[in-house]
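The structure appears right after this line, and notes come after that.
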Amino acid sequence: MSSRLVGVGVGPGDPELVTVKGVNALREADVVVVPVLDTGERGRAEATVLHYVPEEKVVRVVFALNERSDRARREAAWDAAGERVAELLRGHGAVAFATIGDPNVYSTFTYLAQTVAELVPGTVVETVPGITAMQDLAARSGAVLTEGTEPLTLVPVTAGATVLKEALAGPGTVVAYKFGRQAYEVAEALRETGRIGDAVWGSALGLTEESIRPAAELDGTPLPYLSTLISPARRDGGRGGKL
């Protein structure tokens with residue numbers, strides 16, 4: 001039988017936001033892989049997984065999660081991680097990979113699955129969707145993501161503040177991921193487009209160090225890397241005005 005690699009979305013950090021299907025997938029897998037930085041510190045995915053499966057079932061695999069400048073180092077880390085997971089698949093029928101948020105939204109799982117498919121032909125790849133940071137931030141802050149015919153644009157600020165500014169010039173809600181290191185540029189883009197008033201940002205959602213604040217309070221101080229921003233669409237037509 002073919003081995004199965006299952007990418008399981010475990011949400012933004014609050015263990016209560018893992019779906020029932022996600023918990024079942026973690027518990028049914030022979031082993032659960034969690035990504036860790038080369039510093040060895042425990043990440044959100046691992047901390048969440050340990051609420052549902054015993055520690056001896058968890059395999060920690062190093063990924064260059066935040067490496068963007070050194071392509072060779074990043075590729076080498078992906079290759080090494082792929083080899084480790086391929087080794088696990090050769091010895092087990094089902095391997096789960098836990099990823100924060102959703103495995104199909106800016107997830108390391110995408111690259112892992114591509115690597116493993118080449119190393120272990122015939123591997124069945126599946127994903128279990130997870131709650132995303134934008135959904136959690138919307139719920140915790142009261143921001144409405146979309147109404148009626150409004151579009152929703154998701155932008156990783158690692159692509160540059162210009163991309164964010166272009167999105168903010170549009171008519172819909174804009175969500176920015178990973179903007180912490182460019183907090184000043186993000187605040188400037190919001191002010192220039194007249195959209196700072198209703199915008200909100202958050203980090204460490206569901207954790208003890210959680211912070212949710214109005215974007216108007218951004219002063220240029222660097223924020224945690226995984227900070228999330230929501231700039232709601234302009235809504236001037238009253239209830240149902242966008243239908």
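In terms of heavy atoms, L112 sits closest to G82 at CD1-CA, 4.0 Å. Considering all non-hydrogen atoms of both residues, V200 and A143 come closest at CG1-CB, 4.3 Å. Looking at every heavy atom in both residues, V128 comes nearest to A25 through CG2-CB, 4.1 Å. Nearest heavy-atom pair, T153 versus A167, reported as atom, atom and distance to 0.1 Å: CG2-CB, 4.0 Å. Annotation for V120 and A86: closest pair CG2-CB, 3.5 Å, computed over non-hydrogen atoms. Minimum interatomic distance between L205 and A133 (heavy atoms only, all atoms of both residues): CD1-O, 3.6 Å.
Residues L226 and V155 do not share a hydrophobic cluster, defined by chaining ILVMFWY side chains whose heavy atoms lie under 4.5 Å apart. The hydrophobic clustering, which links ILVMFWY residues whose side-chain heavy atoms are closer than 4.5 Å, places V125 and F97 together. If you chain together hydrophobic residues whose side chains sit under 4.5 Å apart, L137 and L145 fall into the same group. V58 and Y52 fall within the same hydrophobic cluster, where Ile, Leu, Val, Met, Phe, Trp and Tyr residues are linked whenever their side-chain heavy atoms come under 4.5 Å apart, directly or through other members.
Within 6.0 Å of atom CD in E55, 12 or fewer heavy atoms from other residues, nucleotides or ligands are found, so the atom counts as exposed in its surroundings. Around the CG atom of D198, the shell of radius 6.0 Å holds no more than 12 heavy atoms that belong to other residues, nucleotides or ligands.
Ring geometry for W78 versus Y111: interplanar angle under 30°, hence parallel rather than tilted (30 to 60°).
Contact annotation: the side chain of D14 approaches that of R140 to within less than 4.5 Å [non-hydrogen atoms, C-beta and beyond]. A heavy-atom distance below 4.5 Å is found between the side chains of L223 and L218. Using a 4.5 Å heavy-atom cutoff, the side chains of T132 and Y177 are in contact. Counting heavy atoms from C-beta on, the side chains of F109 and V33 never come closer than 4.5 Å. Side-chain atoms of E126 and L5, non-hydrogen and from C-beta on, never get closer than 4.5 Å to each other. No side-chain heavy atom of V32 sits less than 4.5 Å from a side-chain heavy atom of V8. Contact of the V157 side chain with the K178 side chain is not registered, since no non-hydrogen atoms from C-beta on lie closer than 4.5 Å. In this structure, Y106 and L154 have side chains that are in contact, with non-hydrogen atoms separated by less than 4.5 Å.
Of the inter-residue distances, the one linking L89 atom CG with R84 atom CZ reads 10.5 Å to the nearest 0.5 angstrom. Rounded to the nearest 0.5 Å, atoms CG (D136) and OG (S141) are 9.5 Å apart. Remark: K57 NZ to R27 CZ distance equals 9.0 Å, nearest 0.5 Å. For the atom pair CG of L190 and CZ of R195, the computed distance is 8.0 Å after rounding to the nearest 0.5 Å. The OG1 atom of T173 sits 8.0 Å away from the CD1 atom of I230 when rounded to the nearest 0.5 Å. Taken to the nearest 0.5 Å, the NE2 atom of H92 stands 9.0 Å off from the CD atom of E87.
D30 places a side-chain N or O within donor-acceptor distance of the main-chain N or O of G93, the cut-off being under 3.5 Å.
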inquiry  = Assess the residue pair Q135 and L17 against the criterion (side-chain contact (heavy atoms from CB on, under 4.5 Å)); give the C-alpha distance rounded to whole Å, side-chain angles, the decisive distance to 0.1 Å, and a yes or no.
reply    = CA-CA 11 Å; Q135 292 170 288; L17 289 181; over 6 Å; no
task = Report the C-alpha separation of M134 and L152 in whole Å, then their side-chain angles, then the decisive distance to 0.1 Å, and conclude whether the side-chain contact (heavy atoms from CB on, under 4.5 Å) test is met.
result = CA-CA 11 Å; M134 64 177 165; L152 173 65; 4.3 Å; yes
